[in-house]
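As structure tokens, the structure follows; a few thoughts come after it.
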Amino acid sequence: MEVRTRFAPSPTGYMHIGNLRTALYAYLHARKNEGKFILRIEDTDQARLVEDSVKVIYESLRVTGLEHDEGPDIGGPVGPYVQSARLPIYRQYAERLLAEGHAYRCFCEKHEKQEDADEEHDGPILGYDGRCSRLSEADVQANLAKKMPYVIRQKIDKEGSTSFNDFVYGPITVEHKQLDDQILLKRDGYPTYNFANVVDDHLMGITHVMRGCEYISSTPKYILLYKAFGWEIPEHIHLPHILGPSGKKLSKREGSVALSDFLNKGYLPEAVLNYIALLGWNPGTEQEFFTKADLIAKFDIARIGKAPAMFDETKLAWLNAQHVKALPPEKAHELFLKFYPEKIVKGFDARKLTGYIQGKVEKLSDIPNMVSFLAGLDEKYSAELFVHAKNKTTLEGSKAVLKDLEAILSGLPSWDYAAILAAVKAYAEAKGAKLGPVMWPLRIAISGQAVTPTGAVEIAELLGKPETLRRISVAIGKL
RNA sequence: GGCCCCUUCGUCUAGCGGUUAGGACGCUGCCCUCUCAAGGCAGAGAUCACGGGUUCGAAUCCCGUAGGGGCCGCCA
């Protein structure tokens with residue numbers, strides 16, 4: 001049988017990193033098995049609709065390369081793929097449950113969740129007591145005649161229990177007395193998640209239901225629905241949560257949770273994908289660097305773990321550096337260009353610069369700080385930088401070295417890496433010195449900072465002869 | 001409060017009855033070196049949450065306890 005998985009986000013306005021991982025796993029499992037990956041929009045909560053948020057979903061899937069085979073934008077054989085466009089379908093199936101005694105109309109007032117007033121949350125929270133299930137047919141008809149608004153609830157016999165076998169968590173059993181007569185169809189005619197999900201997953205031929213583990217407790221209710229309809233029960237694969245740094249569920253309050261947050265910080269989409277794939281799954285080998293193609297080849301739902309994982313941005317950063325390094329030079333340059341100050345793009349051999357720093361960029365957003373000294377020398381740097389114990393450099397010594405270098409470099413017929421290096425080396429040798437005591441003052445002089453992303457020769461080459469000499473004379477003036 | 005789930009270095013994890021409990025990030029040191037990184041090497045870091053069993057033998061199997069998380073919405 002063809003594997004069919006789906007990603008079924010609600011349009012909330014941003015792509016939560018946990019949701020993205022769910023999408024990733026569903027995508028990988030489909031690709032791995034040459035099945036289909038379906039996108040379905042779950043927009044049944046009319047009160048929470050967020051403008052344009054469907055676009056965020058499309059864009060997130062596009063940028064991460066999780067392309068879907070069926071969905072609202074591209075259609076498919078079992079559409080529509082937006083739940084708000086499927087209302088008659090849900091109505092029809094709800095009526096069927098009504099007719100067959102698996103559901104009933106409920107005319108009660110709204111029974112909304114009360115926020116636990118900051119008291120302890122002890123004291124039982126009571127669910128719906130099922131009173132409308134005991135209404136006589138005559139009462140129901142009378143209420144209908146009065147045009148009383150109603151919802152349709154699932155009728156659950158409180159005797160017995162229901163079990164299912166979760167692919168990740170194993171056998172789960174819940175006593176029916178724990179299960180509420182949940183609402184299937186709301187007053188406004190929209191289905192709840194609890195109903196739409198079951199109906200759609202069946203109608204869309206989903207073979208593997210993947211979702212966050214917060215649904216484990218509710219799954220028996222869904223199983224009961226499948227049974228009431230006489231439908232085959234798909235494989236259930238619940239995923240452990242991703243936790244924030246404090247050990248609590250990853251949330252906006254703790255910092256970045258949206259894909260866009262990480263992208264804006266300069267993380268590569270492929271690095272984010274690689275990192276979250278490893279949060280709850282591992283290949284069983286020691287491989288940690290994965291391209292999307294690697295993931296498709298190696299992914300296996302059998303190796304998904306049960307324990308929640310904390311999101312560690314430090315490790316993401318490391319993985320990101322690995323992906324930056326692996327970028328083809330052309331691609332790296334294209335990406336880096338967006339982070340270079342205008343002056344560098346215009347006045348420097350930026351392509352060469354990219355080549356020099358590609359190996360040491362962690363996040364793309366680090367680039368501006370890394371290269372700003374090239375665009376302009378901050379002449380107020382401290383002269384103390386010239387003093388370096390290991391290279392045995394002093395203020396006076398540096399001044400002498402720079403004066404010599406000024407003369408040598410100004411007489412250089414060609415200005416490229418090899419020529420500059422050769423000249424400096426020859427000078428050091430003539431002085432009977434090692435390279436360090438010569439390079440150190442030069443690098444400080446032309447960068448104005450102790451730490452630079454490349455060596456002095458690369459910097460001089462990039463700056464060009466006039467600017468290099470100008471900076472050297474500025475330094476001499478300071479000393 | 002009821003029910004469900006989880007628990008191996010700080011973090012991500014390997015392990016599926018017999019291992020010096022392995023790897024990665026981070027951290028420390030050394031090497032390399034014109035700085036910082038990168039890279040290479042080395043090191044510190046886990047009484048496998050705790051307590052009972054079962055077994056010749058348990059991180060691995062069973063039962064409790066504790067801690068954490070989740071659900072109990074006309075939200076998903």
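The chains referred to below are lettered A, B, ... by the order of the sequence lines, with proteins before strands, and numbering in each begins at 1.
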Within the structure shown, what part of the strands sits under 4.0 Å from A/K325 by heavy-atom distance: base, sugar-phosphate, or nothing? sugar-phosphate
What's the closest nucleotide to the side chain of A/V457 if the choices are B/C25, B/C34, B/A76? B/C34
Pair A/E235-A/N165, side-chain donor/acceptor within less than 3.5 Å: no
B/U33 to B/A44 separation - C1' atoms, rounded to the nearest Å: 26 Å
Student check: side-chain heavy atoms of A/H102 and A/Q154 closer than 4.5 Å: no
Nucleotide nearest A/M439 when distance is taken to its side chain, options B/A76, B/A37, B/C34: B/C34
B/A76, B/G23, B/G2: which one has an atom nearest the side-chain heavy atoms of A/Q178? B/G2
The Watson-Crick or G-U wobble partner of B/A46, with both key distances under 3.5 Å, is none
The single option from A/I242, A/L243, A/L279 that satisfies side chain to side chain contact (heavy atoms under 4.5 Å, CB included) with A/M310 is A/L243
State the pairing partner of B/A14; accept Watson-Crick or G-U wobble contacts with both distances under 3.5 Å, and report none otherwise. none
Whole angstrom is fine here: how far is it from CD in A/Q322 over to P in B/C12? 20 Å
Partner lookup for B/G39, please. Criteria are Watson-Crick or G-U wobble with both distances under 3.5 angstrom; report none if nothing qualifies. B/C31
Which one is paired to B/G26, where only Watson-Crick or G-U wobble pairs with both distances under 3.5 angstrom count? none
Assert: residue with more 5' nearest nucleotide on RNA chain B, out of A/Y150 and A/K360, is A/K360
Complement of B/U54, any strand, by Watson-Crick or G-U distances under 3.5 angstrom: none
As its Watson-Crick or G-U partner within any shown strand, both distances under 3.5 Å, B/G1 has B/C72
Between A/P171 and A/P437, the residue closer to the 5' end of RNA chain B by nearest nucleotide is A/P171
Candidates B/G39, B/G73, B/A76 - which lies nearest the side chain of A/R48: B/G73
Nearest-Å distance, CZ (A/R91) to P (B/C74)? 17 Å
Give the rounded distance in Å between these two atoms: CD of A/E458 and P of B/C34. 11 Å
Output the residues of residues 305-315 of chain A in contact with RNA chain B, where contact means a heavy atom of the residue under 4.0 Å from an atom of the strand; sort by number or write none. A/K306, A/A307, A/P308, A/A309, A/M310, A/D312, A/T314, A/K315
For the P atoms, the ones on B/A38 and on B/C25, what distance do you get once it is rounded to whole angstrom? 10 Å
Rounded to whole angstrom, note down the C1' distance from B/G15 over to B/U8. 9 Å
Looking only at B/C6, B/U35, B/A76, the nucleotide nearest the A/K186 side chain is B/A76
Electrostatic pair A/K315:A/E288 at N-O distance under 4.0 angstrom: yes
Between A/N320 and A/E362, do the side chains contain an N or O donor and an N or O acceptor separated by less than 3.5 Å? no
Closest of B/A24, B/C5, B/U35 to the A/N391 side chain is B/U35
With the criterion being N/O to N/O and under 3.5 Å, what pairs connect the protein with nucleotides 64-71 of chain B, and how long is each?
from	atom 1	to	atom 2	distance (Å)
B/G70	N2	A/S217	OG	3.3

